[in-house]
Amino acid sequence: MRIRDSVALVTGASSGIGWATAVRLAGAGARVVVHGRDRERLAALADAVGGVPLAGELADPDQVERLAAAALEVAGRVDVVVHSAGGGWAGPFDRMPAPEIGRLVAVNLAAPIGLTRALLPGMRARGSGYLMFVTSIAGRLGVAGEAVYAATKGGLDAFAESLRLELRGTGVGVGALAPGVVETRFFERRGQPYGRGRPRPIPAERVADVLVRSIAAERDDRYVPGWLRLPVAVRATAPGLYRRLAGRFGGS
Ligand SMILES: NC(=O)c1ccc[n+]([C@@H]2O[C@H](COP(=O)([O-])OP(=O)(O)OC[C@H]3O[C@@H](n4cnc5c(N)ncnc54)[C@H](OP(=O)(O)O)[C@@H]3O)[C@@H](O)[C@H]2O)c1
């Protein structure tokens, strides 16, 4: 996918992985439309990268629709969507408040599906586009204490995989990128800091580098760091062994 001169919409660009991705995409010559909720941070990012800020609450389906319409209105078209907005919640599942379940499903799963539904027709009509979903290693392995978060990310992976099959030959590519532990505000916001020594958190810029290179090369499935594919392979081929190891070393 040619990034130079493309129009790229990045959700969750007001922080973390989305922010670093918007900076990388702008550096690679894209016109960026940056989304988030924090208007001050969005404005600062838009100034820094010469982009257009669009604020919106993605837990609200109407605002998801409005975000798509506003992006098309300000930029004329959207060639690349990076679905990075998302959040977590950590703790025992039976203590998870129902509104938190609704928020995670809405923001992490329903919003990227809704945004895709609104922006895909234009891409199909032009025979070109790229949809990049930021999923998570949690969705591929499962994590104790993050059952709903993992379920939303696993669902997003399944959506991306299905769409990839459906869009074969249309010129519209679909990528999924599964990060491990990344140094962002994600942990403080989920209500529980990252409490393990290993794996060490990696910088958001490293994730953004891989993400933008994956779009350019149309690499459809990536892990950052790359070694994360190993536990996924062990789980797929030897689930009993995987669960014994995860019981000793797993958790968030
Ligand atoms: N950090 C990690 O270790 C890690 C690992 C695997 C996957 N991920 C995934 O990576 C993605 C980016 O997370 P991050 O680590 O960069 O976290 P972050 O720094 O907390 O950024 C999250 C972004 O999502 C936006 N967002 C959250 N809830 C929203 C809502 N209801 N409506 C609209 N926007 C909302 C935030 O907007 P405001 O700041 O403006 O509110 C912010 O821009 C998420 O999908 C996350 O699940 C993160």
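Atoms within a ligand are numbered from 1 in the order they appear, just like the ligands themselves. Every heavy atom of this structure was used, including side-chain atoms; hydrogens, water molecules and symmetry mates were not.
For a threshold of 3.5 Å applied to N or O pairs, the pair formed by Ser14 and ligand 1 contains at least one separation below that value. The shortest N/O to N/O separation between Gly18 and ligand 1 does not fall below 3.5 Å. The N/O atoms of Val107, backbone and side chain alike, include none that comes under 3.5 Å of an N/O atom in ligand 1. Checked against a 3.5 angstrom limit, the closest N/O atoms of Ile17 and ligand 1 fall inside it.
Of the protein's heavy atoms, Ser15 OG, 3.5 Å lies nearest to atom 18 (P) of ligand 1. Among protein heavy atoms, the minimum distance from atom 3 (O) of ligand 1 is reached at Val182 N, 2.8 Å.
Here the closest non-hydrogen pair linking Val64 and Ala111 is CG1-O, 3.7 Å. The minimum heavy-atom distance between Trp89 and Glu100, with the atom names listed, is CD1-OE1, 3.3 Å. Of all non-hydrogen atoms in Thr11 and Ala85, the two that sit nearest each other are OG1-N, 3.0 Å. Closest of all the heavy-atom pairs between Leu228 and Ala178 is CD1-O, 4.3 Å.
With Lys153 contributing its side chain and Leu109 its backbone, the two residues share no donor-acceptor pair below 3.5 Å. No side-chain donor-acceptor contact under 3.5 Å links Ser14 to the backbone of Leu42.
Between His83 and Phe133, the angle of the ring planes stays under 30°, which puts this pair in the parallel group of the 30/60° scheme.
Proximity of the aromatic rings of Phe93 and Tyr149 is defined here by a centroid distance below 6.0 angstrom, and this criterion is not met.
Arg126 has a carboxylate O that lies under 4.0 Å from a charged side-chain N of Asp79, or vice versa, which qualifies the two as a salt bridge. With respect to Arg24 and Asp209, a salt bridge is recorded, a charged nitrogen being found less than 4.0 Å from a carboxylate O. Salt bridge annotation for Asp221-Arg140: present, with a cationic side-chain nitrogen under 4.0 angstrom from a carboxylate oxygen.
Taking a cut-off of under 4.0 Å to the non-hydrogen atoms of Leu58, the atoms of ligand 1 that pass are 30 (C), 32 (N), 33 (C). Taking a cut-off of under 4.0 Å to the non-hydrogen atoms of Tyr149, the atoms of ligand 1 that pass are 6 (C), 7 (C), 8 (N), 9 (C), 46 (C), 47 (O). Each of the atoms 40 (O) of ligand 1 lies under 4.0 Å from some heavy atom of Asp38. Residue His35 has at least one heavy-atom neighbour below 4.0 Å for each of these atoms of ligand 1: 33 (C), 34 (N). Interface of Val181 with ligand 1, defined as ligand atoms under 4.0 Å from a residue heavy atom, comprises 3 (O). Atom numbering of ligand 1 starts at 1 in the shown order; those under 4.0 Å from a heavy atom of Glu57 are 30 (C), 31 (N), 32 (N). Every atom of ligand 1 is numbered from 1 in the order shown, and the set under 4.0 Å from a heavy atom of Val134 is 9 (C), 10 (O), 11 (C).
Closest heavy-atom approach to atom 45 (O) of ligand 1 among the candidates Glu40, Gln63, Lys153, Glu183: Lys153. The closest non-hydrogen atom to atom 13 (O) of ligand 1, taken over Gly16, Pro179, Ser84, Gly139, comes from Ser84. Among Ala22, Ala204, Gly87, Gly86, the residue whose heavy atom lies nearest to atom 27 (C) of ligand 1 is Gly86. Between the choices Ala138, Gly180, Gly56, Ala20, the shortest heavy-atom distance to atom 6 (C) of ligand 1 belongs to Gly180. Of the candidates Thr184, Thr135, Val10, it is Thr184 that places a heavy atom closest to atom 15 (O) of ligand 1. Considering Arg37, Arg41, Arg185, Arg189 only, the shortest heavy-atom separation from atom 39 (O) of ligand 1 involves Arg189.
Around CD of Glu40, the count of heavy atoms belonging to other residues, nucleotides or ligands within 6.0 Å does not exceed 12. Within 6.0 Å of the CZ atom in Arg39, the count of heavy atoms belonging to other residues, nucleotides or ligands does not exceed 12.
At a 4.0 Å heavy-atom cut-off, ligand 1 does not touch Trp19 at all. The residue Tyr194 has no part lying near ligand 1, judged by heavy-atom distances below 4.0 Å.
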